[in-house]
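This chain uses plain numbering: 1 for the first residue, then up along the sequence. Atom set for the values below is all heavy atoms of this structure, side chains included, hydrogens, waters and symmetry mates excluded.
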Amino acid sequence: MLAITKDLINWIKNYFKDNPDGKVICGISGGKDSTIVAALCKEALGADRVIGVLMPNGVQADIDDSYAVCMKLGLKYHRININSAYDELTKQILANTSIQDIPPEVKTNLPARLRMSTLYSIAALYPNSRVVNTSNFSERYIGYSTKFGDGAGDFSPLGNLTVREVLAIGDDLGLPYDLVHKTPSDGMSGKSDEERIGFSYDELDDYLIHGKATDEVEEKIEKMHNANLHKIYPMPMFVPA
C-alpha cells in the first residue's frame with residue numbers, strides 16, 4: 001500500500017478519534033472522488049460506519065455505477081431522488097421573478113446545494129455523524145465546485161491532493177478501473193468536466209505540481225482561480241474596533 005494511502009487512512013481514523021461511534025455520510029455519485037473517499041473511510045472505520053447516499057435528479061444515466069460502489073464496498077445506502085424538490089423550486093423561481101427561463105448556473109448549482117442539504121438531513125438520522133467532502137485539490141484550486149454544495153462538508157480527505165494523486169490512491173486500493181478512471185462529468189450539463197473547464201486534468205496537474213503549462217492554459221487556470229477565491233477562502237467577517 002502506498003504511503004499516502006496509509007497516511008490518509010490514519011488521518012481519517014484520527015479525525016474520528018474523539019467520535020468513536022460517529023458515522024460518515026458520503027454522497028455516492030459513481031465518480032472517482034466519491035468512490036475513493038468512501039473506500040478510504042471504509043478502510044479507516046469499517047463498512048458499518050460509512051453510509052452512502054445516492055441522489056439522482058430524476059433519471060441518472062450512470063446510477064448503476066453508484067450502486068456498484070455501494071455493493072463493492074458493502075455499504076448501507078439510501079437513495080433520495082431530489083427531482084421533485086428541484087422542480088418545485090425552479091417553478092417557484094419562475095413564478096415569482098421576472099425571468100423567463102432558469103439560467104444554466106442555477107440548473108447546475110441548485111442540484112448540488114439540494115444534495116448537500118440532503119446529506120446533512122441524512123446525517124441528522126445518525127447521531128454524531130459527519131458529512132465527508134469529496135473534492136480534490138485540482139478542482140478546488142480553480143473553484144470547480146458549487147459553494148455550499150459539493151464544496152461543503154465536515155472533513156475533506158482529498159482536498160490537498162491533485163487528480164493524479166487521487167487516481168493513484170484509487171488504483172492502490174484495488175477499486176474497479178472503470179470507476180476510478182471514469183470520465184468525470186457533472187451529470188447535468190451533458191459535457192465532461194474537461195470540456196467545461198477548457199483544459200485537461202493532466203494539464204492542470206502539470207501546472208499545479210511542476211509549474212508547467214502553455215501560456216493559454218496557465219491564463220485559463222489562473223483566471224478561474226482568481227475568480228473563485230471566494231470559494232476557497234473563509235467568508236470575510238467584519239471585526240469591530
Rounded to the nearest 0.5 Å, how far apart are CD of Glu203 and OG1 of Thr214?
6.5 Å

Distance-only polar pair, side chains of Asn109 and Thr146, donor-acceptor under 3.5 Å:
yes

Counting N and O atoms only, with roles assigned by atom type, does the side chain of Asn96 sit under 3.5 Å from a partner on the main chain of Gln92, one being a donor and the other an acceptor?
yes

Side chains of Arg130 and Val24: does their closest heavy-atom pair fall under 4.5 Å?
no

Looking only at heavy atoms, which two atoms of Ser135 and Gly151 are closest? And how far apart?
OG-CA, 4.4 Å

If you take all heavy atoms of Gly153 and Asn133, which pair is closest and at what distance?
CA-CB, 4.2 Å

Do Arg164 and Tyr201 make a side-chain contact, defined as non-hydrogen atoms from C-beta onward lying under 4.5 Å apart?
no

Between Pro20 and Lys17 the two heavy atoms that sit nearest each other are CD-O, 4.1 Å

Assess the side chains of Arg140 and Asn160: does a donor N or O sit below 3.5 Å from an acceptor N or O?
yes

When you measure from the side chain of Ser129 to the backbone N and O of Leu125, does any donor-acceptor pair fall under 3.5 Å?
no

Is the count of non-hydrogen atoms from other residues, nucleotides or ligands lying under 6.0 Å from Lys182 atom NZ greater than 12?
yes

With a 4.5 Å limit on heavy-atom distance, are the side chains of Ile82 and Pro111 in contact?
yes

Centroid separation under 6.0 Å, is that true for the rings of Tyr77 and Tyr67?
yes

Heavy-atom pair of closest approach, residues Ser66 and Gly30
OG-N, 3.5 Å

Does atom CG of Asp215 have more than 12 heavy-atom neighbours, drawn from other residues, nucleotides or ligands, at distances under 6.0 Å?
no

So Arg115 and Asp150, side-chain contact (heavy atoms from CB on, under 4.5 Å) or not? Walk me through it.
CA-CA 8 Å; Arg115 289 185 174 110; Asp150 57 322; over 6 Å; no

Parallel, tilted or perpendicular, judged at 30° and 60°: which one describes the rings of Phe16 and Phe155?
perpendicular

Determine whether Leu54 and Tyr120 fall in the same hydrophobic cluster, where Ile, Leu, Val, Met, Phe, Trp and Tyr are linked whenever their side-chain heavy atoms lie under 4.5 Å apart.
no

For Lys220 and Gly198, indicate whether the former's side chain and the latter's backbone hold a donor-acceptor pair under 3.5 Å.
yes

Taking Ile221 as the starting point, is it possible to reach Leu161 by hopping between hydrophobic residues whose side chains are less than 4.5 Å apart?
yes

So how far is it from Ile4 CD1 to Ile169 CD1, rounded to the nearest 0.5 Å?
4.5 Å

If you define the side chain from C-beta out and look only at heavy atoms, does anything of Leu158 sit under 4.5 Å from Leu40?
yes

side-chain contact (heavy atoms from CB on, under 4.5 Å) between Asp172 and Met1: does it pass, once the steps are laid out?
CA-CA 6 Å; Asp172 188 40; Met1 185 177 283; 3.4 Å; yes

So, taking the atom named NE2 in His78 and the one named CD1 in Ile122, what distance separates them when rounded to the nearest 0.5 Å?
5.0 Å

Determine, using the 4.5 Å side-chain heavy-atom cutoff (strictly less than), whether Val106 and Tyr144 are members of one ILVMFWY cluster.
no

Can you tell me if Glu88 uses its side chain to pair, donor with acceptor, with the backbone of Tyr86 under 3.5 Å?
no

Linked, directly or transitively: Leu175 and Leu2 (ILVMFWY side chains, under 4.5 Å):
yes

Below 4.5 Å, heavy atoms only, C-beta onward: do Tyr207 and Val217 meet side chain to side chain?
no

Strictly by modelled atom types, are Ser34 and Ser29 linked by a side-chain donor-acceptor pair under 3.5 Å?
yes

Any heavy-atom pair between the side chains of Asp154 and Tyr15 that's under 4.5 Å?
yes

Verify same cluster id: Ile80, Ile63 (apolar side-chain graph, 4.5 Å):
no

Below 4.0 angstrom, N of the basic side chain to O of the carboxylate: do Arg49 and Asp21 qualify?
no

Under the criterion side-chain contact (heavy atoms from CB on, under 4.5 Å), I'd like the reasoning laid out for Leu119 against Val132: C-alpha separation, chi angles, the key distance, then a yes or no.
CA-CA 9 Å; Leu119 290 175; Val132 62; over 6 Å; no

So does Glu219 have more than 12 non-hydrogen atoms from other groups sitting under 6.0 Å from CD?
no

How far apart are the C-alpha atoms of His230 and Lys147, what are their side-chain angles, what is the distance that settles it, and do they pass the side chain to side chain donor-acceptor pair (under 3.5 Å) test?
CA-CA 9 Å; His230 66 100; Lys147 197 172 184 177; 3.2 Å; yes

Assess the residue pair His210 and Asp205 against the criterion (side chain to side chain donor-acceptor pair (under 3.5 Å)); give the C-alpha distance rounded to whole Å, side-chain angles, the decisive distance to 0.1 Å, and a yes or no.
CA-CA 8 Å; His210 306 296; Asp205 284 357; over 6 Å; no

Are Ser200 and Glu194 close enough, and set up right, to give a side-chain contact (heavy atoms from CB on, under 4.5 Å), and what steps lead you there?
CA-CA 5 Å; Ser200 71; Glu194 293 182 333; 3.5 Å; yes

Are side-chain N/O atoms of Asp33 and Thr134 paired as donor and acceptor at under 3.5 Å?
no

About how many Å separate CE of Met71 and CG of Leu73, when rounded to the nearest 0.5 Å?
9.5 Å

Any chance you could measure Thr162, atom OG1, to Leu208, atom CG, to the nearest 0.5 Å?
7.5 Å

Check Leu173 against Ala39 and note the closest heavy-atom contact, atom names and distance.
CD1-CB, 4.0 Å

Can you confirm if the NZ or CZ of Lys231 lies within 45° of the ring axis of Tyr141 and under 6.0 Å from the centre of its six-membered ring?
no

Would you mind reporting whether Val163 and Leu204 have side-chain heavy atoms less than 4.5 Å apart?
no

Taking side chain as C-beta onward, heavy atoms only, is Ile102 less than 4.5 Å from Leu110?
no

Residues Ala123 and Val131: closest non-hydrogen pair is CB-CG2, 4.0 Å

Without swapping roles, check the side chain of Asn19 against the backbone of Gly22 for a donor-acceptor pair under 3.5 Å.
yes

Between Asp48 and Lys76, does any side-chain N to carboxylate O distance fall below 4.0 Å?
no

Hey, could you give me the CD/CD distance between Glu216 and Glu218, rounded to the nearest 0.5 Å?
12.0 Å

Flag if over 12 foreign heavy atoms under 6.0 Å of CD, Glu222
yes

